[in-house]
*Asks:* 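Take this structure, written in structure tokens, and hold onto it; I'll ask about it next.
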Number of protein chains: 2
Amino acid sequence: MDAYISFADRLRALQQHSSFENCPVRQVMQGIFGKWSTLLLLALSERPYRFGELRRLVPDISQRMLTQTLRDLERDGHVYRKVYATKPPSVEYGLTALGTSMLTPLNDLVVWAGDNFAAVESARKRFDAGAEA
Amino acid sequence: MDAYISFADRLRALQQHSSFENCPVRQVMQGIFGKWSTLLLLALSERPYRFGELRRLVPDISQRMLTQTLRDLERDGHVYRKVYATKPPSVEYGLTALGTSMLTPLNDLVVWAGDNFAAVESARKRFDAGAEA
DNA sequence: ATGGGTGGTTCCCTCGAGGTAACTATAGGC
DNA sequence: GCCTATAGTTACCTCGAGGGAACCACCCAT
């Protein structure tokens with residue numbers, strides 16, 4: 001049976017691995033929360049995409065960062081990279097099993113952020129207004 | 001009824017707000033994924049803590065960053081700050097209702113990271129080994 | 001009067017994420 | 001000959017998150 005594990009217990013478990021400084025959980029999390037990582041993971045959750053498709057889908061990202069972010073995601077095992085030997089070689093990116101397994105918790109958090117960003121924004125305004133008073 | 005909304009639909013909804021560049025969802029997410037933010041949120045999920053207690057609980061964090069991270073979390077409405085007029089004034093930090101509502105999805109993701117960091121690490125080793133070959 | 005415990009602030013520095021632009025090679029279309 | 005598309009790489013720069021150390025004001029205990 002999976003016993004319920006409290007947040008605090010998780011915290012203590014985290015600490016035992018090493019210092020908090022280079023906690024393995026954080027290393028995994030930082031791979032997911034680069035500026036573009038979450039966005040690309042959500043995009044690839046729909047279906048595999050080719051490099052150029054992703055560029056057009058997310059026009060704000062630079063070509064350099066798209067390559068680099070995809071490489072990082074590939075390195076961490078979240079994304080696979082498949083090269084097709086067509087005349088101008090084309091490349092397909094998609095989620096691995098590991099990446100797919102992350103999708104549910106990741107999406108839940110994105111949903112939460114989507115549901116609550118208005119509350120966060122108003123909290124910021126309140127805070128900033130009170131600061132100058 | 002809450003209809004199921006696909007990841008791809010979420011993506012498109014995100015895009016409509018503005019560019020991906022300064023997406024409100026990302027602004028909320030970035031407030032949660034500073035180097036120490038998640039750790040402090042999980043700590044405060046157990047019970048409210050005082051400043052000095054948090055310092056001792058997370059010895060790796062510098063005093064400067066502890067103050068700043070708590071301020072940022074307070075500004076975003078995740079954390080409250082309560083000053084007690086004791087002789088050396090003491091300060092208590094705790095989760096707000098908003099912060100508490102985030103706890104479940106946040107913790108799910110941390111749990112996922114805890115369950116899968118070994119897979120990520122071995123993926124990295126495989127990738128790095130293949131790169132030099 | 002000295003040291004320690006409250007909870008900070010201020011200054012300065014480093015390091016790396018991310019951005020910009022130019023360049024690569026190949027092939028097809030006009 | 002020139003522009004397009006494929007998918008990158010390389011060099012250079014900026015900016016801000018985070019770190020380190022010192023300082024502040026108050027009070028207590030020894």
Side-chain angles (χ1 to χ4, degrees), chain A residues 19-23 26-40 43-44 48-76 79-94 127 131-132, chain B residues 19-23 26-40 43-44 48-76 79-94 127 131-132:
Chain A
S19 65
F20 285 125
E21 181 65 36
N22 40 357
C23 164
R26 179 157 51 191
Q27 302 205 354
V28 173
M29 303 272 282
Q30 291 201 329
I32 304 174
F33 292 104
K35 184 167 183 184
W36 303 105
S37 315
T38 306
L39 204 49
L40 292 177
L44 294 178
Y49 275 95
R50 295 196 17 216
F51 187 86
E53 288 180 309
L54 288 172
R55 278 213 73 177
R56 270 161 277 152
L57 190 63
V58 189
D60 293 336
I61 196 173
S62 69
Q63 196 168 3
R64 199 184 85 87
M65 285 314 297
L66 180 54
T67 304
Q68 184 177 310
T69 305
L70 288 169
R71 281 288 183 292
D72 291 345
L73 291 175
E74 185 196 0
R75 189 173 103 100
D76 283 11
V79 158
Y80 69 84
R81 178 175 184 271
K82 194 171 179 182
V83 181
Y84 292 96
T86 55
K87 295 317 167 63
S90 64
V91 181
E92 176 191 288
Y93 292 93
F127 185 90
E132 61 191 52
Chain B
S19 66
F20 285 125
E21 180 65 37
N22 39 356
C23 165
R26 179 157 49 190
Q27 301 206 354
V28 173
M29 304 271 282
Q30 293 202 330
I32 303 174
F33 292 103
K35 182 167 183 185
W36 303 105
S37 315
T38 305
L39 203 51
L40 292 177
L44 294 178
Y49 275 96
R50 295 196 17 212
F51 187 86
E53 288 180 311
L54 289 172
R55 278 213 75 175
R56 270 162 276 149
L57 190 63
V58 189
D60 292 336
I61 195 174
S62 68
Q63 197 167 3
R64 199 184 86 86
M65 286 314 296
L66 180 54
T67 304
Q68 183 178 311
T69 305
L70 288 170
R71 280 290 184 290
D72 291 345
L73 291 175
E74 184 196 0
R75 190 173 103 100
D76 282 10
V79 158
Y80 69 84
R81 179 175 183 271
K82 194 171 179 181
V83 181
Y84 291 96
T86 55
K87 297 317 169 63
S90 65
V91 181
E92 176 190 288
Y93 292 92
F127 185 90
E132 62 192 54

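Computed from a predicted structure; not experimentally measured. First the proteins, then the strands, lettered A, B, ... as listed; each starts at 1.
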*Asks:* Separation of A/Arg81 atom CZ from D/dA7 atom P, in whole Å?
*Replies:*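 Rounding to the nearest Å, CZ of A/Arg81 and P of D/dA7 are 10 Å apart.
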*Asks:* Starting at CG of B/Leu39, measure out to CG of B/Asp60 and round the result to the nearest 0.5 Å.
*Replies:*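 Here the interatomic distance stands at 9.0 Å.
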*Asks:* Identify the residue among B/Glu53, B/Arg81, B/Lys82 that makes a side chain to side chain donor-acceptor pair (under 3.5 Å) with B/Tyr93.
*Replies:*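 Single side chain to side chain donor-acceptor pair (under 3.5 Å) partner of B/Tyr93 among B/Glu53, B/Arg81, B/Lys82: B/Arg81.
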*Asks:* Would you say D/dT9 has OP1 or OP2 under 4.0 Å from some side-chain N or O of A/Arg71?
*Replies:*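 Yes, such a contact exists.
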*Asks:* Should A/Arg55 be listed as having a side-chain N or O under 4.0 Å from OP1 or OP2 of D/dT6?
*Replies:*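 The answer is no; no side-chain N or O of A/Arg55 sits under 4.0 Å from OP1 or OP2.
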*Asks:* Nearest 0.5 Å please: distance from the CD atom of A/Glu92 over to the CG atom of A/Leu54.
*Replies:*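 A/Glu92 CD to A/Leu54 CG: 10.5 Å, rounded to 0.5 Å.
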*Asks:* Under 4.0 angstrom, heavy atoms only, what part of the nucleic acid is A/Tyr84 near: base, sugar-phosphate, or nothing?
*Replies:*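 It contacts nothing in the nucleic acid.
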*Asks:* Test B/Val58 against B/Leu66 for side-chain contact (heavy atoms from CB on, under 4.5 Å), laying out the working first.
*Replies:* CA-CA 9 Å; B/Val58 189; B/Leu66 180 54; over 6 Å; no
*Asks:* Mind checking the CG-CG spacing from B/Leu57 to B/Leu44? Nearest 0.5 Å is all I need.
*Replies:*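 If I round to the nearest 0.5 Å, the distance is 9.0 Å.
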*Asks:* At a cut-off of 3.5 Å, list every protein nitrogen or oxygen paired with a nitrogen or oxygen from nucleotides 19-26 of chain D, distance to 0.1 Å.
*Replies:*
{"from": "D/dG19", "atom 1": "OP1", "to": "B/Lys35", "atom 2": "NZ", "distance (Å)": "2.9"}
{"from": "D/dG19", "atom 1": "OP2", "to": "B/Trp36", "atom 2": "NE1", "distance (Å)": "3.2"}
{"from": "D/dG19", "atom 1": "N7", "to": "B/Arg64", "atom 2": "NE", "distance (Å)": "3.1"}
{"from": "D/dG19", "atom 1": "N7", "to": "B/Arg64", "atom 2": "NH2", "distance (Å)": "3.2"}
{"from": "D/dG19", "atom 1": "O6", "to": "B/Arg64", "atom 2": "NE", "distance (Å)": "3.2"}
{"from": "D/dG19", "atom 1": "O6", "to": "B/Arg64", "atom 2": "NH2", "distance (Å)": "3.3"}
{"from": "D/dG20", "atom 1": "O6", "to": "B/Arg64", "atom 2": "NE", "distance (Å)": "3.1"}

*Asks:* In whole angstrom, give the distance that lies between atom CD of A/Glu92 and atom C1' of D/dG8.
*Replies:*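 These atoms are roughly 17 Å apart.
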*Asks:* Go through DNA chain C in 5' to 3' direction and return only the first and the last nucleotide with some atom under 4.0 Å of chain A's heavy atoms.
*Replies:*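 Nucleotide range with atoms under 4.0 Å of chain A: C/dG18 to C/dT20.
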*Asks:* Which residues satisfy the side-chain contact (heavy atoms from CB on, under 4.5 Å) test with A/Thr69, sequence neighbours excluded?
*Replies:*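 If we apply the side-chain contact (heavy atoms from CB on, under 4.5 Å) test to A/Thr69, skipping adjacent residues, the hits are A/Trp36, A/Ser37, A/Leu40, A/Met65, A/Leu73.
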*Asks:* Ignoring hydrogens and angles, tell me if any N or O in the side chain of A/Arg55 forms a donor-acceptor pair with the backbone of A/Phe51 under 3.5 Å.
*Replies:*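 No, the answer is negative, given that no donor and acceptor are paired below the 3.5 Å cut-off.
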*Asks:* As a quick check of understanding, evaluate side-chain contact (heavy atoms from CB on, under 4.5 Å) for A/Arg71 and A/Gln68, giving each step before the final call.
*Replies:* CA-CA 5 Å; A/Arg71 281 288 183 292; A/Gln68 184 177 310; 5.6 Å; no
